[in-house]
Number of protein chains: 2
Amino acid sequence: MYSFTEENYLKAIYKLSDNKAGEITTNAIADAMQTKAASVTDMVKKLAEKQLLKYEKYKGVKLSAKGRKVAIDTVRKHRLWETFLHNKLNFKWDEVHEIAEQLEHIQSETLIDKLDDFLGYPAHDPHGDPIPGKNGEIKMHDVVTLSNLKKGDRCVVVGVVDHRTIFLKHLQKINLMPGSKIQVSTINEFDQSHNIKVNRNIELQISFDVAKNILVKIDS
Amino acid sequence: MYSFTEENYLKAIYKLSDNKAGEITTNAIADAMQTKAASVTDMVKKLAEKQLLKYEKYKGVKLSAKGRKVAIDTVRKHRLWETFLHNKLNFKWDEVHEIAEQLEHIQSETLIDKLDDFLGYPAHDPHGDPIPGKNGEIKMHDVVTLSNLKKGDRCVVVGVVDHRTIFLKHLQKINLMPGSKIQVSTINEFDQSHNIKVNRNIELQISFDVAKNILVKIDS
DNA sequence: TACAATTTTTAGACTAATCTAAAAATATTT
DNA sequence: AAATATTTTTAGATTAGTCTAAAAATTGTA
């Protein structure tokens, strides 16, 4: 239906729309896609012709309902495949992204439905990101970053803000990942570093930079 | 490493080499790839430059060891994915081919190794075709077509000669597939149709055309 | 062996996606 | 508001893969 490249552009634009409101600029897209502005202009014209987005010269773009659906479907496929790679094939959570970037473009609705069923209709991928449903609905769970908690608070890790491999590998190293239960022991005033207790037994000190990038659900 | 298209050409040439000895002609490749002879000439030149095959103008092509390895790896990936789709996602055996045609081009050696492990190192795909090993070795099991048996012989279905959907669907309909145990009851002299007993209880009559296209292992 | 038929290759053109370099529009600064 | 800087678009070229139509080579046949 849509090419590999078209799906990738739509996904990138969708992710940019999520952060900022309003129109998405050509340069922002070029940056996200690791390509040149001229290439973006060309592709954006093509996508506008196919009614996947609204484009006005020098004014940026905005996804149409149709374009957003394609983007969300691509995200759904990506996150289901990541879950498969992690839960069934035992890939570490920092290894799944690149392969899922390829798998997300496989064309078959039945395949994705059956994969979803095989995985037991998971709500979140290995990074804690929500997996959109078949109809495009996304259940955001209500989360805060670990850096928002106060001394004594209990929580469970559900995801990350920074998705870069270097950060994921770091969490892997200190054994902190989705599902880990945390209690904040102390917050050091000097550098805002946190002393935390993981899974009721391991004491750990993490920098403010790390705390800011961990998403948690407050244990109630 | 190699493009989608390059892998498909190498696989097609490999399959043609399997049947006939000697050089593979341009038209035969065009036919197998559903494309034009001119396109084949172009691609074959490119593959020859990359040392994936030997090409002499007007003389046809022959895979190099390197080219054959790429082709066999592609076949291995195809058949492992078919097995996954059939065994884990419950696709019927006539539905797996098209999706596997896409999945076979996903680039990741680790992925295939882990998939192989997840599936329990299967020796054959859902159609009974052997799955090449990591090093390219193919264990042919020693089979004959059902039409070669004599009255009273017992055997187990292990595969098919004709891989077209129309044939696979027919076998599905009469409930005859890999693993089915067969005993030949009668061979009708008039049209060579076979009366067989399946799994020790179901009596079935199949045409010579069907018997010729079923691969079996003799029960000893 | 020469003519015809078939196969294969070449030449030139097309599409999708990309790029560089230059031009045009918009935004910022003084 | 004019000058400068930045962003975006256009123009023209490139690459991978494909095509049609014509030319060249090979094969088959009389």
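Chain letters run A, B, ... following the sequence lines, proteins first and then strands; every chain starts at 1.
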Q: Return the value, rounded to whole Å, for the distance between atom NZ of K45(B) and atom P of dT18(D).
A: 15 Å
Q) Which class fits the ring pair F4(B) and H105(B): parallel under 30°, tilted 30 to 60°, perpendicular over 60°? A) tilted
**Q.** E56(B) CD - dT26(D) P separation (whole Å)
**A.** 11 Å
Q) With a non-hydrogen cut-off below 4.0 angstrom, is F4(B) in contact with a base, only sugar-phosphate, or nothing? A) nothing
Q. Closer to the 5' end of DNA chain C via nearest nucleotide, is it E6(A) or K59(A)?
A. E6(A)
Q. Can the positive tip of K88(B) be found less than 6.0 Å from the middle of the six-membered ring of F84(A), inside 45° of the ring normal?
A. no
Q: Respond yes when some side-chain nitrogen or oxygen of Y9(A) is under 4.0 Å from OP1 or OP2 of dA16(C), and no when none is.
A: no
Q. Of H127(A), H86(A), H78(A), which is the lone residue that meets ring-ring contact (aromatic ring centres under 6.0 Å, His included) with H97(A)?
A. H78(A)
Q: Can you sort out which residues in residues 28-43 of chain B have a heavy atom within less than 4.0 Å of DNA chain D? Ascending by number, please.
A: T35(B), K36(B), A38(B), S39(B), D42(B), M43(B)
Q: For dT6(D), take OP1 and OP2 only and decide whether either is under 4.0 Å from a side-chain N or O of Y58(A).
A: no
**Q.** Proximity to the side chain of K57(A) - top-ranked nucleotide from dT10(D), dT8(C), dT10(C)
**A.** dT10(D)
Q) So which nucleotide from dT10(D), dT18(C), dT8(D) ends up closest to the side chain of T26(A)? A) dT8(D)
Q | Distance in angstrom units between Y2(A) OH and dA16(C) P, rounded | A | 15 Å
Q.
Less than 4.0 angstrom between a side-chain N/O of N27(A) and OP1 or OP2 of dT8(D), yes or no?
A. yes
Q: Starting at NZ of K62(B), measure out to CD of E56(B) and round the result to the nearest 0.5 Å.
A: 12.5 Å
Q. Is there side-chain contact between T26(B) and Y58(B), with at least one heavy-atom pair below 4.5 Å?
A. no
Q) Are D94(A) and Q172(A) close enough, and set up right, to give a side-chain contact (heavy atoms from CB on, under 4.5 Å), and what steps lead you there? A) CA-CA 8 Å; D94(A) 56 280; Q172(A) 186 95 43; 3.0 Å; yes
